[in-house]
Amino acid sequence: MVRIKKWQTLKEEGVDLFPHRAEITHSVTQVKKEFESLSAEELEKDGIRVSVAGRILTVRKMGRATFFHLGDALSRLQAYLRQDKVGPTEYQRFSLLDIGDIICIKGRLFRTRTGELTVLVEKYKFLAKCFHPLPEKWHGLQDVELRYRKRYLDLIINPESARVFWLRSALIAEIRKFFDERGYIEVETPMMQTIPGGALARPFKTFHNALGIDLYLRIAPELYLKRLVVGGFEKVYEINRNFRNEGISSQHNPEFTMLEFYEAYKDYHDMMEMTEELLVHLAQKLLGKLEITYGEHQISLQRPWKRIKFRQALVEYSGLSPAKLADKSAVIELASQLASEKTPLSYGKALDVLFDKQVKPRLIQPTFVINPPKEISPLAKSSPENPDEAERFELVIAGMEIANAFSELTDPIEQKKRFEQQAEERRKGDEETHPIDLDYVQALEYGLPPTGGEGIGIDRLTMILANKQSIREVILFPLLRPKD
RNA sequence: GGGCCGUUAGCUCAGAGGGAGAGCACCGGCCUUUUAAGCCGGGUGUCGCUGGUUCGAGUCCAGCACGGCUCACCA
């Protein structure tokens with residue numbers, strides 16, 4: 001292989017093939033940021049010298065002078081290498097390098113005839129060999145599978161991909177700041193649980209050898225966070241992974257990142273206010289605007305957002321009359337047609353199916369859908385005006401559920417009853433019910449203050465802000481079937 | 001899991017029964033402000049895998065693998 005041979009030649013010429021460090025003054029991105037605004041004259045006058053390391057991305061050789069670009073994940077910087085600057089030995093040695101190799105250069109900044117900020121190289125140092133040719137320079141790496149399997153190649157070659165993950169990182173940092181400034185404590189609760197509660201979903205199962213017990217990867221941190229509110233952490237949040245053993249789609253990855261936060265003395269109306277505040281803040285801070293593009297849609301995050309009752313939404317978007325909606329057997333009948341071969345649906349689940357199918361996809365602008373059936377909300381307080389409804393909302397943007405919140409159920413007796421109802425549903429054949437967690441009930445018996453709680457899907461929020469249609473575009477290493 | 005589509009050079013893709021193609025990348029040569037640098041020369045391949053049909057299969061058929069979109073379930 002040609003690249004290996006070149007690399008061996010470097011060794012024969014006494015070049016250190018695995019250097020331990022490089023003396024740099026700037027990253028490629030820093031140079032761009034700091035000096036891009038300076039004119040050719042200013043650069044000439046100031047004589048700014050920099051030492052920058054990066055990957056060789058392009059090379060244009062013209063006899064005794066060569067132009068090339070060094071890149072990091074976000075930007076690229078041009079360099080100009082001349083034989084009369086570095087001498088014939090070093091100049092010729094440069095042809096032993098390949099696109100993809102990592103080097104460090106030192107030199108003065110100037111602007112070329114066409115105006116590009118460029119380093120006039122005085123010295124360069126080999127740092128790492130790239131033994132494989134990089135994907136092509138102007139189509140980049142298109143193959144979606146390869147982009148996910150070899151994410152490093154994607155990041156090297158497609159600046160748009162790197163941009164998404166910088167955005168994601170900034171998003172999470174900003175969320176932390178938001179909660180920290182409001183006096184919240186950030187915590188970590190078990191990822192491995194003996195009772196997988198806090199949501200209705202199938203868990204991953206594993207086994208602890210020393211204890212000889214089954215464990216489940218958590219489907220939500222909810223019950224632990226509320227135990228902490230009982231313990232006096234009145235404002236608490238966690239940003240961490242959840243695991244659900246269910247289908248994979250453009251909106252679902254088996255492990256995904258969730259923000260959950262709980263605040264004592266608040267209810268779900270307060271959570272709506274806070275959600276608007278948080279998302280508006282994030283959009284403003286990260287994108288500098290509230291009118292955003294998502295696929296073919298224009299989405300406005302201008303407050304206040306639409307609030308609509310769950311039942312009202314069903315009437316408005318599914319075209320069912322209120323009378324028809326109240327007819328339990330008719331609703332169940334209709335829903336089971338939509339949800340093929342599902343185990344017998346309860347009335348509440350049937351309504352939920354209709355909502356998911358017929359309403360959710362049509363909610364493009366941010367919409368709080370409030371007061372869904374109590375039956376599908378075993379951890380939420382019921383509404384004082386209508387005991388069949390829960391004090392709960394789902395936030396839908398671009399047809400995706402982004403957030404889910406409620407006034408937490410604080411009554412231990414009622415909570416135990418709800419758990420038992422769930423167990424009853426399970427006996428009837430529903431696999432997605434909430435397991436009974438008596439330890440949690442006991443925590444409630446010590447007194448959980450009125451509390452508002454909410455979960456926000458970080459991956460989906462990133463999708464909205466980064467304008468990506470697939471969750472795999474915002475997860476560095478999405479789950480793929482192993483090859484071979 | 002179902003349906004539709006895809007898999008050809010390192011990358012991006014064309015090729016539709018007669019024996020493997022282009023651009024970029026790569027190799028050799030020329031070139032001291034280029035930037036999709038240019039000019040001359042060079043094809044580097046398990047056509048996803050396994051069978052089948054055929055004188056002959058990258059091309060047609062079947063099965064399998066992996067992926068994409070979509071439906072179903074979920075957030």
Side-chain angles (χ1 to χ4, degrees), chain A residues 1-3 5-6 40 57-69 76-86 91 95 98-100 110-118 120 130-150 153-154 156-158 198-203 219-220 242-260 337-343 349 352-353 356-357 360 376 394-396 400-404 431-432 455-461 463 469-472 478 480-484:
Chain A
M1 207 173 140
V2 183
R3 286 184 178 231
K5 212 174 277 168
K6 285 185 181 176
L57 295 178
T58 64
V59 175
R60 292 174 294 284
K61 189 178 171 194
M62 294 150 25
R64 274 164 231 102
T66 299
F67 284 94
F68 58 95
H69 277 107
R76 45 183 61 187
L77 173 66
Q78 184 168 258
Y80 183 37
L81 183 77
R82 296 170 57 115
Q83 189 176 92
D84 59 11
K85 263 287 187 202
V86 297
Y91 187 80
S95 56
D98 288 297
I99 289 178
F110 75 107
R111 276 189 192 279
T112 59
R113 216 174 264 164
T114 51
E116 180 165 352
L117 184 66
T118 303
L120 179 59
C130 174
F131 292 106
H132 302 281
L134 290 184
E136 198 219 8
K137 61 186 170 195
W138 69 81
H139 292 98
L141 186 62
Q142 304 279 336
D143 185 309
V144 178
E145 182 183 358
L146 257 186
R147 287 185 43 233
Y148 299 155
R149 286 195 194 277
K150 299 187 196 260
L153 280 183
D154 183 37
I156 290 169
I157 218 76
N158 299 328
L200 310 178
R202 271 202 294 274
I219 57 173
N242 288 347
F243 307 85
R244 298 193 183 173
N245 204 343
E246 293 177 347
I248 295 176
S249 78
S250 58
Q251 290 178 36
H252 303 265
N253 194 60
E255 51 179 316
F256 62 102
T257 302
M258 187 86 148
L259 158 69
E260 282 206 12
Q337 279 168 14
L338 289 170
S340 60
E341 58 161 340
K342 244 219 118 183
T343 44
K349 285 236 171 178
D352 202 32
V353 167
D356 278 352
K357 291 274 153 249
K360 210 187 266 181
I376 54 169
E394 286 189 10
L395 170 65
V396 182
M400 283 192 290
E401 186 179 332
I402 299 296
N404 183 7
E431 280 183 49
E432 266 164 22
I456 297 183
I458 296 299
D459 313 276
R460 288 183 180 176
L461 186 55
M463 286 168 69
Q469 320 296 307
S470 168
I471 199 168
R472 293 174 168 205
L480 298 177
R481 200 182 293 273
K483 206 128 190 168
D484 296 327

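All chains are named by letter (A, B, ...) in the order of the sequence lines, taking the proteins before the strands, and each is independently numbered beginning at 1. As the structure is a computational prediction, the values presented were derived from the model and not from experiment.
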Item to complete: For A:L153 and A:L141, work out which heavy atoms get closest and say how close.
Response: CB-CD2, 3.9 Å

Discussion item. Between B:rA9 and B:rG68, how many Å separate the two C1' atoms, rounded to a whole number?
Written reply: 23 Å

Worksheet item: So which nucleotide does B:rG1 pair with, by the Watson-Crick or G-U wobble rule with both distances under 3.5 Å?
Response: B:rC71

Worksheet item: Are side-chain N/O atoms of A:H139 and A:Q142 paired as donor and acceptor at under 3.5 Å?
Response: no

Worksheet item: Which sits closer to the 5' end of RNA chain B, A:A199 or A:S470, going by the nucleotide each is nearest to?
Response: A:S470

Worksheet entry | Under-4.0 Å side-chain N/O to phosphate OP1/OP2 contact, A:K360 with B:rA75 | no

Fill in: N or O in side chain of A:R60 less than 4.0 angstrom from B:rA37 OP1/OP2
yes

Discussion item. I'd like the P distance from B:rC69 over to B:rG63, given in whole Å.
Written reply: 24 Å

Practice prompt. Could you say whether the aromatic ring of A:F67 and the base of B:rA37 stack, counting only centre distances under 5.5 Å and plane angles under 30°?
Written response: no

Discussion item. Do A:K137 and A:L57 make a side-chain contact, defined as non-hydrogen atoms from C-beta onward lying under 4.5 Å apart?
Written reply: no

Worksheet item: Rounded to whole angstroms, how far apart are OH on A:Y148 and P on B:rC66?
Response: 18 Å

Worksheet item: Is any side-chain heavy atom of A:E116 less than 4.5 Å from a side-chain heavy atom of A:H69?
Response: yes

Item to complete: Please report the shortest heavy-atom distance between A:Y91 and A:R64, naming the atom on each side.
Response: OH-C, 3.1 Å

Discussion item. I'd like to know if the side chain of A:R202 reaches the main chain of A:E246, judged simply by a donor and an acceptor atom lying under 3.5 Å from each other, with no hydrogens or angles considered.
Written reply: no

Fill in: Between C1' of B:rC24 and CD1 of A:I157, the distance in whole Å
11 Å

Practice prompt. Can you tell me the pairing partner of B:rA62 across any strand shown, Watson-Crick or G-U wobble, with both distances under 3.5 angstrom?
Written response: B:rU50

Response to the item:
Taken to the nearest whole Å, CD/A:Q469 to C1'/B:rG68 is 15 Å

Worksheet item: Is the shortest heavy-atom distance from the side chain of A:R460 to the side chain of A:E401 under 4.5 Å?
Response: yes

Item to complete: Output yes when at least one side-chain N/O atom of A:R82 is less than 4.0 Å from OP1 or OP2 of B:rU32, else no.
Response: no

Worksheet item: Under 3.5 Å, side chain of A:N404 to main-chain N/O of A:E394, donor-acceptor pair present?
Response: no

Worksheet item: Across the strands shown, which category fits A:L200 at heavy-atom distances under 4.0 angstrom: base, sugar-phosphate, nothing?
Response: sugar-phosphate

Worksheet item: What integer number of Å spans the C1' atoms of B:rC61 and B:rA22?
Response: 30 Å

Worksheet item: For atom C1', what is the distance between B:rU8 and B:rG15, given to the nearest Å?
Response: 9 Å

Fill in: A:K85, NZ: over 12 other non-hydrogen atoms inside 6.0 angstrom
no

Practice prompt. Compare side-chain N and O positions of A:R149 against OP1 and OP2 of B:rG67 and report whether any pair is under 4.0 Å apart.
Written response: yes

Worksheet item: Would one find a side-chain N or O of A:K6 under 4.0 angstrom from OP1 or OP2 of B:rC26?
Response: no

Worksheet item: Given B:rA65, is OP1 or OP2 found less than 4.0 Å from the side-chain N or O atoms of A:R481?
Response: no

Discussion item. Using a heavy-atom cut-off of 4.0 Å across all strands, would you classify A:Q251 as base, sugar-phosphate, or nothing?
Written reply: base

Worksheet item: Can you check whether A:I248 reaches A:R472 side chain to side chain, under 4.5 Å on heavy atoms?
Response: yes

I'd like a list of close polar pairs between nucleotides 8-11 of chain B and the protein, N/O only, cut-off under 3.5 Å.
{"residue": "B:rC11", "atom": "O2'", "partner": "A:E136", "partner atom": "N", "Å": "3.3"}
{"residue": "B:rC11", "atom": "O2'", "partner": "A:G140", "partner atom": "O", "Å": "3.1"}

Practice prompt. Report which part of the nucleic acid A:R202 touches: base, sugar-phosphate, or nothing (heavy-atom distance under 4.0 Å, all strands).
Written response: nothing

Fill in: Nucleotide nearest A:E246 (side chain, heavy atoms from C-beta), chosen from B:rU33, B:rC73, B:rG68
B:rC73

Discussion item. Under 4.0 Å, heavy atoms only, any strand: does A:I99 hit a base, just the sugar-phosphate, or nothing?
Written reply: sugar-phosphate

Practice prompt. Take atom P in B:rC40 and the same atom in B:rU46, then report the distance between them in whole Å.
Written response: 30 Å

Discussion item. Taking the P atom in each of B:rA57 and B:rC73, what is the distance between them to the nearest angstrom?
Written reply: 47 Å

Discussion item. Using a distance-only criterion (donor-acceptor N/O pair, under 3.5 Å, no hydrogens), is the base of B:rU34 paired with the side chain of A:E116?
Written reply: no

Item to complete: State which of B:rC27, B:rA75, B:rU33 makes the closest approach to the side chain of A:F256.
Response: B:rA75

Discussion item. How many whole angstroms separate atom NZ of A:K85 from atom P of B:rU33?
Written reply: 15 Å

Item to complete: Please work out if A:N245 contacts a base, only the sugar-phosphate, or nothing of the nucleic acid, heavy-atom cut-off 4.0 Å.
Response: nothing

Discussion item. Distance check, P atoms only: B:rA20 and B:rC24, in whole angstrom units.
Written reply: 23 Å

Fill in: side-chain N/O A:K137 vs B:rA25 OP1/OP2, d < 4.0 Å
yes

Practice prompt. Provide the distance between the two C1' atoms, one in B:rU12 and one in B:rC26, to the nearest whole Å.
Written response: 16 Å

Worksheet item: Counting only Watson-Crick or G-U wobble pairs whose two distances fall under 3.5 Å, which nucleotide matches B:rU44?
Response: B:rA25

Worksheet item: To the nearest Å, how far apart are A:M400 CE and B:rC73 P?
Response: 18 Å

Worksheet item: Roughly how many Å is it from CG in A:D352 to C1' in B:rC73, rounded to a whole number?
Response: 12 Å

Discussion item. Distance check needed: B:rC30 C1' versus A:R64 CZ, whole Å only.
Written reply: 10 Å

Practice prompt. Return the value, rounded to whole Å, for the distance between atom CD1 of A:I219 and atom P of B:rC73.
Written response: 18 Å

